[in-house]
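Only one structure is covered here, and it is reproduced in the block below.
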Amino acid sequence: INTGKLGQFILNCQDDEDGGIADRPMDMPDVYHTFFGLCGLSLIGQLEKIGNKEGRNYRQIDPVFALPTDVVSRLGLKAQVIRNGGVDVEKRLQLHSILDI
């Protein structure tokens with residue numbers, strides 16, 4: 001996946017006047033696509049870059065539960081993550097149980 005192009009596509013789906021993210025540029029934004037658009041930007045590292053430029057601190061999203069990582073930790077939510085061939089697991093996944101295959 002070209003994360004730069006994906007991030008730009010999501011940003012192009014923003015409604016600059018009313019806020020929110022649509023499923024495609026120039027469509028009507030909705031809560032569903034706004035939520036998953038922000039999650040997608042977080043998972044590909046684009047949200048952090050945007051926050052750094054704007055002087056904002058956006059919360060990271062847990063890729064398993066699609067919730068902020070601090071909420072997942074506070075609630076004690078755990079999942080099983082499969083690691084293939086000893087490859088390092090992304091930092092956001094390290095709070096979960098890691099199973100090696």
### Message
Would you say that D62 contacts V71 through its side chain, given a criterion of any heavy-atom pair below 4.5 Å between the two side chains?
### Response
no
Identify each donor-acceptor pair in which a side-chain atom of residues 73-81 lies under 3.5 Å from a protein atom, sequence neighbours left out, and give them as a table.
unit_1 : atom_1 : unit_2 : atom_2 : d
S73    : OG     : T69    : O      : 3.3
K78    : NZ     : L95    : O      : 2.8

### Task
Look up atom CD in Q8 and atom CG in L41, then write down how far apart they are to the nearest 0.5 Å.
10.0 Å
## Note on the structure
Taken to the nearest 0.5 Å, the spacing of L43 CG from T3 OG1 works out to 11.5 Å
Are [X] and [Y] grouped together when hydrophobic residues (ILVMFWY) are joined by side-chain heavy atoms under 4.5 angstrom apart?
{"X": "I50", "Y": "I44", "value": "yes"}
{"X": "L6", "Y": "L47", "value": "yes"}
{"X": "I61", "Y": "F65", "value": "no"}
{"X": "I98", "Y": "V72", "value": "yes"}
{"X": "F36", "Y": "L67", "value": "no"}

### Counterpart residues, side-chain hydrogen bond (donor to acceptor under 3.5 Å, both in side chains), relative to N52 (two or more places apart)
none
Taking only distance into account, with no hydrogens and no angle test, what donor-acceptor pairs under 3.5 Å do side-chain atoms of residues 13-23 form with protein atoms, sequence neighbours excluded?
unit_1 : atom_1 : unit_2 : atom_2 : d
D15    : OD1    : E17    : N      : 3.0
D15    : OD1    : D18    : N      : 2.9

Would one find more than 12 heavy atoms of other residues, nucleotides or ligands at under 6.0 Å from atom [atom1] of [X]?
{"X": "L99", "atom1": "CG", "value": "yes"}
{"X": "N2", "atom1": "CG", "value": "yes"}
{"X": "Y32", "atom1": "OH", "value": "no"}

### Smallest separation among heavy atoms of Q46 and G7, with atom names
CG-CA, 4.2 Å
### Task
Mind listing the closest non-hydrogen atom pair of R24 and F9 along with its distance?
CA-CZ, 4.1 Å
